Protein chains: 2
Amino acid sequence: MTAMKDATLRDVAAHAGVSIKTASRVLNDDPRVADGTRASVTASMVALAYQPDPTARSLRAGRDRTVGVVVESIGDVFVAALVAQIERLLAEAGYQVLVASSYRELERERSIVSNFVQRRCAGLIVMPSSLDALQGMPLRGLPVVFVDREGSAPGSQSVIVNDRDLARVATSHLIAQGHRRIALMSDALVVDTTRHRHEGYLDALRDAGIESDPELIRDDCIDEPRVFSVLDEVFALDEPPTAIFSANTRVSLGIVPGLHVAGRTDMALVAFGDFPMAASLKPAVTVIDHSPARIGEVAARTLLARLIEPSDQLQGGPVITVPAHLIERGSGEIPAEPRSRSPRVRR
Amino acid sequence: MTAMKDATLRDVAAHAGVSIKTASRVLNDDPRVADGTRASVTASMVALAYQPDPTARSLRAGRDRTVGVVVESIGDVFVAALVAQIERLLAEAGYQVLVASSYRELERERSIVSNFVQRRCAGLIVMPSSLDALQGMPLRGLPVVFVDREGSAPGSQSVIVNDRDLARVATSHLIAQGHRRIALMSDALVVDTTRHRHEGYLDALRDAGIESDPELIRDDCIDEPRVFSVLDEVFALDEPPTAIFSANTRVSLGIVPGLHVAGRTDMALVAFGDFPMAASLKPAVTVIDHSPARIGEVAARTLLARLIEPSDQLQGGPVITVPAHLIERGSGEIPAEPRSRSPRVRR
DNA sequence: CTCCTGATTGACATCGGTGTCATAGGCCTC
DNA sequence: GAGGCCTATGACACCGATGTCAATCAGGAG
């Protein structure tokens, strides 16, 4: 029983006494089949516990109920939540989800996409390493939706947040608390998203007439140990910052422990991207609620719309911006110059 | 250029002036091809930018360089880290990873596995909802590795931690701090893992001669709001607990904010499973370092071994136990209230 | 009763590769 | 120089489905 091979359409046809093609018609709800025939074929399928073979089907039909998802790293909490939401919605619509991580390697990213295309996926959701990451690739007209970062491909759409504006809001929020020395911490400027957040930070400073200081702008926070040393360096400046703007969740996940270890929880902090426990820390962390669930939902629905009704009209246009906002929790509302409030305990 | 169809093996063969089969041999590194022929075919492949079609290949060959991964929910931080590690190692070995979430629905879990089998995956890594989740399914002899929970399938292996023993260690640790009223908080007892952790908790109480109290054993912590209300209820008991043992990360992620909101950070806590920020909270959270990266690594290597060398010998046996240990950070070392040390008659 | 039409159905090619087996030479042996 | 053997290659079937197009058949029209 366990060793028995699965029934094929041929077996079903033989069992029902019809041709393979007729069985295929029943399988595909072709209306040109007599009711009686349909009933007996259906009965045979049940009797033999028939399951269609997706491989053979997609080989011949050139399509497949699978959606490929390419992300930077599935282990990132933001990405995991994003993918979870995408998978949930696509699964409801009967699609399988294939996930692969690019780890920021362009070559790997392109080879994954190529593989998905070869596999005849029905559509792609891609978190591109750059605007032109898929430049010149043969996509066979597949619907592509880029997430979290703007991408470009013929007829594609991108679901993003307004990184620049939100970074400006976050930074302005700190300025409004009286801060003028605000450190910007991010990882390398290889991704457009990161660049836009830098621009938004600079926008806010300019709006407030504050001159930006290169010493306070760090784009080398690549991992937790590095974040720790960057914090040390920044604190040791002649004019150290009184506030920090963290440009993404991964960096935040390094900054928070770093501040705790250093005993510098007096430092104001606004983080781009919410994260688990942010509300339970002391102080609780003020964040830009860059919601992966919402972005994932919009991306999945956008792709589904194109899968169901392939049209030249792009619902929502080539770039769809998902709203996000600042959540005040405490760390972002710490005023500048704590010594003016009470005698300093530290040092 | 973008509209041009991809080259097939037939095109390559024609271009090189050989038969399709010979081109296929070159593609598969078959040694029985003359060097000159090999070189010209290789040149043609490059010239035509040939990429093999994985669909056609797996249809005929009955195998595929894809590994299916079935987990409970890819959005869970523990799961995301586990999958990330598995994906990284399998990708290095040239395998694609297919991920799908079962959301604890047996029916969905089985249909995903069935789909993977139909797709001719080379192997499966499954986080099973129960020991017999795959019972009776035709697996076509696929190598299967279960992760985090023991599963059963012909010739399968499971990579797990000793949940029962670790739960005992965690609970004993709290008892060693003088606690005798220790609450156990977990989600529903549908997964063996959870059941084993309950048993370990009871083992520790028994070892210490403490009678277990059903009021302190809660298996209904299904989501964050529920965790909050469970905490309220437990605190309101006539004899409230002085310590909590959290049976998994998802529950911990509810307990910690709950304790902070209630201002009950005096409560001792040991959490099964490490999580981001655990070391930065006040107090920092003592955990059982149930490392997803380590489990994922062992699972991936175990599967790879079977993929490369299909043998009846199971390397490491049917059940592989990954070590884990307790990390003291503070919350688990909060002593019981002084008065509970003095003699008192319970019940 | 024959012809036409539309509804059903099936034979066969096909998707892009791989497995089996046969075949054509080249080289060695006796 | 014939037989044997090994190497390199190709012809062909096949994996499990779908697309094309022709064939069959019943019923209504003339």
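Everything numeric in this text was worked out from a predicted model, so none of it was measured. In what follows, every chain begins at residue 1, and chains take the letters A, B, ... in the order their sequences are listed.
- The stretch residues 17-25 of chain B touches DNA chain D through Val18(B), Ser19(B), Lys21(B), Thr22(B), Arg25(B), each having a heavy atom under 4.0 angstrom from the strand.
- Shown are Val159(A), Leu131(A), Thr193(A), Asp192(A); of these, the side chain to side chain contact (heavy atoms under 4.5 Å, CB included) with Glu150(A) is made only by Leu131(A).
- Nucleotide dG17(C) holds its P atom 9 Å from the CG atom of Leu59(A), rounded to whole Å.
- Every pair passing salt bridge (charged side-chain N to carboxylate O under 4.0 Å, His left out) that includes a residue from residues 89-104 of chain B is listed here, sequence neighbours excluded: Glu72(B)-Arg104(B), Arg104(B)-Asp187(B).
- Rounded to whole Å, the distance from CZ on Arg60(A) to C1' on dA17(D) is 9 Å.
- A 4.5 Å side-chain heavy-atom check between Val113(A) and Met137(A) finds at least one atom pair inside the cut-off.
- Where Arg32(B) and Ala56(B) meet DNA chain C, the nucleotide closest to each residue was compared, and Ala56(B) sits on the side nearer the 5' end.
- Counting only residues at least two apart or in different chains, ring-ring contact (aromatic ring centres under 6.0 Å, His included) contacts with residues 7-51 of chain B are absent.
- As a whole-Å value, the separation of Arg38(A) CZ from dA7(C) P is 15 Å.
- Between the axis at the start and the axis at the end of the helix from dC1(C)-dG30(D) to dC30(C)-dG1(D) there is an angle of 60°, using five pairs per end and rounding to 10 degrees.
- Screening residues 71-129 of chain B for ring-ring contact (aromatic ring centres under 6.0 Å, His included), with sequence neighbours left out, gives Phe78(B)-His290(B).
- The nucleotide whose nearest atom lies closest to any side-chain atom of Ala34(A) is, among dT9(D), dT9(C), dG17(C), dT9(C).
- Residues from residues 8-15 of chain B lying near DNA chain C, meaning a heavy-atom separation below 4.0 Å, are Thr8(B), Leu9(B) in numerical order.
- Looking at heavy atoms from C-beta onward, Val26(A) lies out of side-chain contact with Thr37(A) at the 4.5 angstrom threshold.
- Without hydrogens or angle criteria, Ser102(A) side chain to Glu105(A) main chain gives no donor-acceptor distance under 3.5 Å.
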